[in-house]
Amino acid sequence: SQQGEEDPQALSIQEGENATMNCSYKTSINNLQWYRQNSGRGLVHLILIRSNEREKHSGRLRVTLDTSKKSSSLLITASRAADTASYFCATGNQAGTALIFGKGTTLSVSS
Amino acid sequence: KAGVTQTPRYLIKTRGQQVTLSCSPISGHRSVSWYQQTPGQGLQFLFEYFSETQRNKGNFPGRFSGRQFSNSRSEMNVSTLELGDSALYLCASSLQLSAVNTEAFFGQGTRLTVV
């Protein structure tokens, strides 16, 4: 079963705007990861945030984690057409032995 | 350094046949995981190997199997193919014991179509 669920399922914005995606999960976690997937290709790791961290930055990406609400958000600032992709959050299964992905948010950035 | 390599990239098989997919992880990575991605079910975990041992298996029928060799390369096999097995199969490698606690590096995937 899915551990993380992203919201919204799809998001369309203009270049230069910010994009925010949310992820909710069900059980306690040690960390949470975000990945990007360009159409039909492999996933690329974006950020890993640990359970004792509240916010993490990487370039134009900002990830927050609220363990009390079991949720995380990914903010992409000043979006570009190249950011068009699907974004997935991932957490460990209850045994901590497998990475489980949500169904993803499909982001479309138009110029 | 070279990334994760999956072969073949595309495959068309007939129902009832069997198929073997290959994954070569990044040099030095001993953990390899496999995922099935479909539009309806999303990314589903298949299994994970570390040092030739299967550590975890997802909720898939016994037709799905895999193995890992001493050089960390991994193969997965699907026997008696069904139309529903059509999917993108992704392989990921990681440096640590499990991709749960570290960055996982994904291959480009093998697109399997069953007709």
Side-chain angles (χ1 to χ4, degrees), chain A residues 1-10 21 23-53 56 58 61 63 65 72 85-106, chain B residues 3-7 9-10 21 23-26 29 31-50 53-60 66 86-113:
Chain A
S1 63
Q2 306 299 128
Q3 164 73 308
E5 293 294 336
E6 291 88 346
D7 170 65
Q9 289 188 347
M21 290 157 261
C23 168
S24 59
Y25 55 91
K26 299 173 185 173
T27 62
S28 62
I29 59 171
N30 291 322
N31 60 65
L32 183 143
Q33 303 185 45
W34 284 91
Y35 285 80
R36 183 188 77 226
Q37 183 181 34
N38 290 89
S39 181
R41 299 173 72 85
L43 281 74
V44 174
H45 183 265
L46 296 175
I47 273 187
L48 181 153
I49 185 166
R50 303 196 185 282
S51 59
N52 61 354
E53 297 175 309
K56 202 162 181 180
S58 177
L61 307 180
V63 168
L65 179 64
S72 173
S86 292
Y87 293 82
F88 297 89
C89 66
T91 59
N93 62 351
Q94 285 191 291
T97 56
L99 199 57
I100 307 298
F101 290 85
K103 291 208 170 184
T105 292
T106 298
Chain B
V4 178
T5 303
Q6 291 188 245
T7 57
R9 288 292 310 280
Y10 302 92
L21 311 182
C23 172
S24 293
I26 291 173
H29 287 194
S31 174
V32 173
S33 303
W34 287 89
Y35 293 84
Q36 180 197 64
Q37 186 176 30
T38 59
Q41 298 298 316
L43 279 154
Q44 302 276 310
F45 171 76
L46 280 159
F47 21 66
E48 180 180 27
Y49 289 88
F50 184 84
T53 300
Q54 185 181 92
R55 294 185 63 243
N56 199 17
K57 188 176 187 336
N59 189 24
F60 278 82
S86 295
L88 180 67
Y89 290 86
L90 292 163
C91 163
S93 76
S94 58
L95 190 58
Q96 295 181 12
L97 187 62
S98 169
V100 171
N101 298 312
T102 187
E103 176 181 0
F105 295 81
F106 281 80
Q108 293 300 296
T110 293
R111 172 74 63 183
L112 172 65
T113 302

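As the structure is a computational prediction, the values presented were derived from the model and not from experiment. Both backbone and side-chain heavy atoms feed into the values below; hydrogens, waters and symmetry mates do not. Throughout, protein chains are lettered first and strands after them, A, B, ... in sequence-line order, and every chain is numbered starting at 1.
- Considering all non-hydrogen atoms of both residues, B:V100 and A:G92 come closest at CG1-CA, 3.7 Å.
- Side-chain N or O atoms of A:K103 include none that pairs as donor or acceptor with a backbone N or O of B:P39 at under 3.5 Å.
- Here the CD-CG distance, from B:E48 to A:N93, works out to 9.0 Å after rounding to the nearest 0.5 Å.
- Atom CG in A:L46 sits 9.5 Å away from atom CD in B:E103 (nearest 0.5 Å).
- Only the side chain of A:L48 comes within contact range of chain B, with heavy atoms under 4.5 Å apart.
- Across every non-hydrogen atom of A:G42 and B:L90, the tightest pair is CA-CD2, 3.9 Å.
- For a residue to count as touching a neighbouring chain, one of its non-hydrogen atoms must lie under 4.5 Å from one of that chain's; by this rule B:Y35 touches chain A with the side chain only.
- For the atom pair CZ of A:R41 and CZ of B:F106, the computed distance is 14.5 Å after rounding to the nearest 0.5 Å.
- Of all the heavy atoms in A:Y35 and B:A104, the pair that sits closest is OH-N, 3.0 Å.
- Interface remark: B:Q108 contributes backbone and side-chain atoms alike to the contact with chain A (heavy atom separation under 4.5 Å).
- We find the CG-OG1 distance between A:L99 and B:T102 to be 10.5 Å, quoted to the nearest 0.5 Å.
- Other residues, nucleotides and ligands contribute at most 12 non-hydrogen atoms within 6.0 Å of the CD atom of A:Q9.
- When the shell of 6.0 Å around CG of A:N52 is examined, it contains more than 12 heavy atoms from other residues, nucleotides or ligands.
- Using a 4.5 Å cut-off between heavy atoms, B:Q6 makes no contact with chain A at all.
- Residue A:R50 places its CZ atom among 12 or fewer non-hydrogen atoms of other residues, nucleotides or ligands, all under 6.0 Å distant.
- Looking at A:N30 and B:N101, their side chains come closer than 4.5 Å, going by heavy atoms from C-beta outward.
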